[in-house]
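Throughout, a chain's letter reflects where its sequence line sits, starting with A, and its residues are numbered from 1.
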There are 2 protein chains.
Amino acid sequence: MSSVGPEIERLIALLAKLPGLGPRSARRAALSLLKRREQLLLPLMDALTAAADQVVACRICGALDTRDPCAVCADLERDLSLICVVEEVGALWAMERAGAYRGRYHVLGGLLSVLDGVGPEALRVASLTERARDGTVKEVILALPATVDGQTTAHYLADRLAGTGVAVTMLARGVPVGGELDWLDDGTIAQALRARRPA
Amino acid sequence: MSSVGPEIERLIALLAKLPGLGPRSARRAALSLLKRREQLLLPLMDALTAAADQVVACRICGALDTRDPCAVCADLERDLSLICVVEEVGALWAMERAGAYRGRYHVLGGLLSVLDGVGPEALRVASLTERARDGTVKEVILALPATVDGQTTAHYLADRLAGTGVAVTMLARGVPVGGELDWLDDGTIAQALRARRPA
């Protein structure tokens with residue numbers, strides 16, 4: 001692309017690193033930014049600056065917020081006896097959107113993975129067991145993905161938390177809302193069948 | 001999303017305005033930026049600043065570049081007898097990537113549209129006819145989209161350029177490279193048949 005200056009090339013290359021944007025959509029995004037300078041480019045610059053300057057990891061749960069402790073941990077209306085363990089902040093946001101949980105969180109920062117060489121020391125495990133022992137917490141809910149690494153991590157955490165006296169639970173498995181049996185994988189159907197309950 | 005601070009919310013909202021990113025992928029992109037502060041967030045801030053400060057529209061063809069005239073118009077190796085008319089800078093970049101064209105460009109800045117109320121005065125038409133009359137230009141290639149508005153605009157431009165003495169051509173229509181007949185729309189097949197040529 002000899003006709004595109006190095007500054008635009010660089011902007012495109014960086015946009016292409018965002019999840020969800022490939023090289024083609026990064027070009028479209030760059031073009032959209034350049035054409036909408038006042039409405040989009042300058043506001044995005046400001047928003048990135050504000051995020052870079054102000055967003056920090058919560059010292060209690062590890063979530064990202066402009067406050068430390070984060071809005072959830074600082075909220076005394078929350079049920080302090082519950083901790084929901086999530087892989088990443090994105091999962092925390094998803095739980096909050098669902099609006100069905102009123103306890104606190106603990107962001108692990110990843111999953112145990114033999115293949116990727118991720119051990120417990122790379123995750124926020126020590127601070128989780130510490131929180132579980134503080135006397136207030138009654139239940140730790142493992143909201144980890146239903147993948148091999150997610151389940152390995154869940155089993156490991158259940159072991160580590162076994163001596164603390166708190167209940168350790170995990171999200172139910174089953175047919176998702178709107179899920180048609182035709183389109184579900186066999187594993188989900190089998191799990192939903194095993195976990196069947198009175199109608 | 002009560003647990004997400006207003007700064008992060010604003011960043012997500014702005015990212016969601018980029019073409020190709022919806023609300024969900026904008027959240028993932030924001031998270032990726034916040035987690036990769038040094039590698040992604042700060043470099044993107046710099047790239048946006050550089051683009052905002054340095055990228056301008058070329059006074060000759062209307063393309064976006066850090067130079068004015070742009071790299072294409074400043075390149076004396078280019079064939080000055082050819083002008084390729086494109087709707088937007090994105091189409092110019094696509095032509096350059098194809099690497100099959102060595103002339104100059106003219107970015108219209110849109111298409112005529114009765115529905116959207118876009119008339120010739122909103123496009124860079126006057127400067128196109130002026131360039132076509134300069135004595136050097138021999139051919140104007142209309143590389144406009146094969147849509148109703150694209151074709152309306154092409155016919156209008158062909159009319160406007162009729163008196164200038166330059167040849168006015170348009171891109172060929174036909175089966176795209178790799179195109180299987182099974183998957184092509186009827187219009188493309190009909191046009192490819194009408195424009196058939198000796199094998």
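Using a 4.5 Å cut-off between heavy atoms, A:Ile8 contacts chain B through its side chain alone, with no backbone atom that close. For A:Thr66, the part lying near chain B is the side chain, with the backbone staying farther off; criterion is any non-hydrogen pair under 4.5 Å. Of the two parts of A:Arg28, the backbone and the side chain both hold a non-hydrogen atom closer than 4.5 Å to a non-hydrogen atom of chain B.
For the set A:Gly90, A:Ala50, A:Ala29, A:Ala94, the count of heavy-atom pairs under 4.5 angstrom toward chain B peaks at A:Ala29. Counting heavy-atom pairs under 4.5 Å between each of A:Ala52, A:Pro43, A:Gly99, A:Gly22 and chain B puts A:Ala52 at the top. The most heavy-atom pairs under 4.5 Å with chain B, out of A:Val89, A:Thr49, A:Leu15, come from A:Thr49.
For the atom pair CG of A:Leu14 and CG of B:Leu42, the computed distance is 11.0 Å after rounding to the nearest 0.5 Å.
In this structure, B:Glu7 has no salt bridge (charged side-chain N to carboxylate O under 4.0 Å, His left out) partners at least two apart in sequence or on a different chain.
One hydrophobic cluster holds both B:Leu123 and B:Val168 under the rule that ILVMFWY side chains link at heavy-atom gaps under 4.5 Å.
At least one side-chain heavy atom of A:Leu31 sits under 4.5 Å from a side-chain heavy atom of B:Leu64.
Residue-level contacts of residues 53-63 of chain B with chain A, in order of numbering, are B:Asp53, B:Gln54, B:Val55; threshold 4.5 Å between heavy atoms.
Within a 6.0 Å sphere centred on CD of B:Gln39, heavy atoms belonging to other residues, nucleotides or ligands number more than 12.
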